[in-house]
Amino acid sequence: MQSQKFHPALEPLKWLVGKWKSIKAEGQFPTIKPFTYIEELEFESVGQPLLNYQSRTWHPVTKNPMHFESGFLRIDPGTSNVAFMVSHNFGLVSLEEGNVIGNTLNLKSKSINRMIFAKEPAVTEITRSYVFCPDSKRISVVVSMATSNTELHEHLIVEYEKV
Ligand code: HEM
């Protein structure tokens, strides 16, 4: 790869760029037992007007791998409109859209598709909010989902610091 220059279209997302590690990651949903996990994620700029995205999680005690995501976060140049394309290791692909206003990025699924042999229940909606706190230099993230059985509810509440 040649160009590592930061694309000017990414200016509104500058605060998100880089590698982040969870300092507190909690999971919950009305149908499951609450859990904790460790996560490392990266929004990488390679010079294009988009960020390459990767998230890896593992169990805090056994260190076993858990949920993995990879995709791309795009911005419509000159606007606050963003699109997040994500593929999840459990057989789901989501297209989420939203906007970045100041230090907050909000996303909501526009389409979700899943492989034929994905486990039930089906995910029917995903929302995410990323908030950067300039004082602590940390990012707080809340991911909510709805399924074929359960209405929209928080699934993940995470705080990250820069690696
Ligand atoms: C947008 C991202 C995610 C989606 C759409 C998602 C979806 C789901 C769904 C549909 C369930 C089953 C809920 C039910 O049975 O009612 C579930 C459970 C669970 N999720 Fe997630 N998840 C996501 C991210 C994560 C992450 C990052 C972790 C962290 C490791 C995680 C860990 C778990 C665990 C431990 C369970 C309960 C055990 C199980 O049923 O396998 N999830 N998730």
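Note that ligands are numbered from 1 as they come in the structure, with each ligand's atoms numbered from 1 the same way.
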Return the closest protein heavy atom for [atom] as residue, atom name and distance.
atom                    : answer
atom 33 (C) of ligand 1 : F35 CZ, 3.4 Å
atom 38 (C) of ligand 1 : I32 CG2, 4.8 Å
atom 15 (O) of ligand 1 : P121 CD, 3.5 Å
atom 10 (C) of ligand 1 : V123 CG2, 3.5 Å
atom 13 (C) of ligand 1 : T31 OG1, 3.9 Å
atom 41 (O) of ligand 1 : K119 NZ, 4.0 Å
atom 7 (C) of ligand 1  : M145 SD, 3.3 Å

Atom 23 (C) of ligand 1: any protein heavy atom closer than 4.0 Å: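 Yes, because at least one protein heavy atom sits under 4.0 Å from atom 23 (C) of ligand 1.
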Would you say atom 35 (C) of ligand 1 touches the protein, meaning some protein heavy atom is under 4.0 Å from it? yes
N/O/S atom of H67 inside 2.8 Å of atom 21 (Fe) of ligand 1, strictly under: no
Under 4.0 Å from a heavy atom of [X]: give me the atoms of ligand 1 that qualify, with their elements.
X   : result
E69 : 1 (C), 2 (C)
F90 : 4 (C), 5 (C), 6 (C), 7 (C)
H88 : 1 (C), 2 (C)

Are G27 and ligand 1 in contact, using a heavy-atom cut-off of under 4.0 Å?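 In this structure, G27 fails to qualify as a contact of ligand 1 - no heavy atom is under 4.0 Å.
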Contact between T150 and ligand 1, counting heavy atoms under 4.0 Å?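 Distance cut 4.0 Å: T150 fails for ligand 1.
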Name of the residue among V123, N113, V86 meeting side chain to side chain contact (heavy atoms under 4.5 Å, CB included) with S94: V86
Among R74, M85, E44, whose side chain to side chain contact (heavy atoms under 4.5 Å, CB included) with L50 holds?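 Passing option: R74.
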Working note: K19 + E40, criterion side-chain contact (heavy atoms from CB on, under 4.5 Å); need CA distance, chi angles, decisive distance, verdict. CA-CA 7 Å; K19 285 189 184 170; E40 269 178 10; over 6 Å; no
Students often mix this up, so state it plainly: with edges at 30° and 60°, are the rings of F90 and H88 parallel, tilted or perpendicular? perpendicular
Charged N-O contact under 4.0 Å between E125 and K108: yes
Closer than 4.0 angstrom, basic N to acidic O: yes or no for R114 and E120?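 Yes, this pair counts.
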For ligand 1, is any non-hydrogen atom under 4.0 Å from E39's backbone (N, CA, C, O), its side chain (CB onward), both, or neither?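 Looking at E39 and ligand 1, no heavy atom falls under 4.0 Å.
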Within the 4.0 Å heavy-atom cut-off, what N149 brings close to ligand 1 is neither
State, to 0.1 Å, how close T36 and P60 come at their nearest heavy-atom pair, and which atoms those are.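 Answer, listing the atom of T36 first, then P60: O-CD, 3.3 Å.
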Is it the case that one hydrophobic cluster holds both V143 and M145, taking links as side-chain heavy atoms less than 4.5 Å apart, direct or via other members?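 Hydrophobic grouping puts V143 with M145.
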Could you give the distance from CG (L41) to OH (Y130), rounded to the nearest 0.5 Å?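 The distance works out to 6.5 Å.
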For ligand 1, find out whether one of its N or O atoms is nearer than 3.5 Å to an N or O atom of H155. yes
Do the non-hydrogen side-chain atoms of H67 and Y37 ever get within less than 4.5 Å of each other? no
Where the side chain of K110 meets the backbone of G98, is there a donor-acceptor pair that is under 3.5 Å apart?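 Not a single qualifying donor-acceptor pair exists.
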